[in-house]
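One-based numbering, in listed order, for ligands and for the atoms of each. All residue numbers refer to positions in the sequence shown, counting from 1.
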Amino acid sequence: MRIDGGCHCGNITFVAEIDPEKVTICHCTDCQRLSGSAFRVVVRAPRDKFELRGGKPKVYIKTAESGAKRAQGFCPECGTPVYSAAAENPQEFGLRIGTIRQRAELRPAKQIWCRSALTWAMDLRGVPQIAKQSG
Ligand SMILES: [Zn+2]
Ligand SMILES: [Zn+2]
């Protein structure tokens, strides 16, 4: 599936080819912190199918518990997280689906790192729903 997207301020844009069946929710504590939210939703694009356009992302290198180093690409102007990839010679990019224009069509197929999930984030059905901002 052909997708396109970009950061909030428009500095960074990209196009990619992804498999819409491979959308994953990650509940790991790094994703909670790096996304600034309860969990992160990611879809992978092979290196040769991901093309950055416009500005150049700033890259933060995160070292995992395992010692693996991951590059976290984000917009230096507005801070939107755009992708993660192996720090050296990446073969694929994990795109943050909030940046993808077609995100409503990208339904997650699995959830990982559920042992660190925020329990309330696993079931939001009981939370009152308001169409726009709460008064
Ligand atoms: Zn931006
Ligand atoms: Zn994670």
Where the Zn ion (ligand 2) is the corner point, what angle links SG of Cys28 with SG of Cys31, to 10°?
110°

Just checking: Cys26, one of its N/O/S atoms, less than 2.8 Å away from the Zn ion (ligand 2), yes or no?
yes

If you draw a 6.0 Å radius around NZ in Lys62, do more than 12 non-hydrogen atoms from other residues or ligands fall strictly inside?
yes

Around atom CZ of Arg33, are there more than 12 heavy atoms from other residues, nucleotides or ligands closer than 6.0 Å?
no

Below 2.8 Å, which protein N, O or S atoms neighbour the Zn ion (ligand 1), ignoring water?
Cys7 SG, Cys9 SG, Cys75 SG, Cys78 SG

Taking side chain to side chain contact (heavy atoms under 4.5 Å, CB included) as the criterion, tell me which of Arg101, Glu51, Arg53 meets it with Asp4.
Arg101

Heavy atoms, side chains only, cut-off 4.5 Å: are Tyr83 and Leu95 in contact?
yes

Check: Phe14 ring centre within less than 6.0 Å of Phe50 ring centre:
yes

Check the surroundings of atom CZ in Arg2: do more than 12 heavy atoms from other residues, nucleotides or ligands lie under 6.0 Å from it?
yes

Assess whether atom CD of Glu65 is packed by more than 12 heavy atoms of other residues, nucleotides or ligands within 6.0 Å.
no

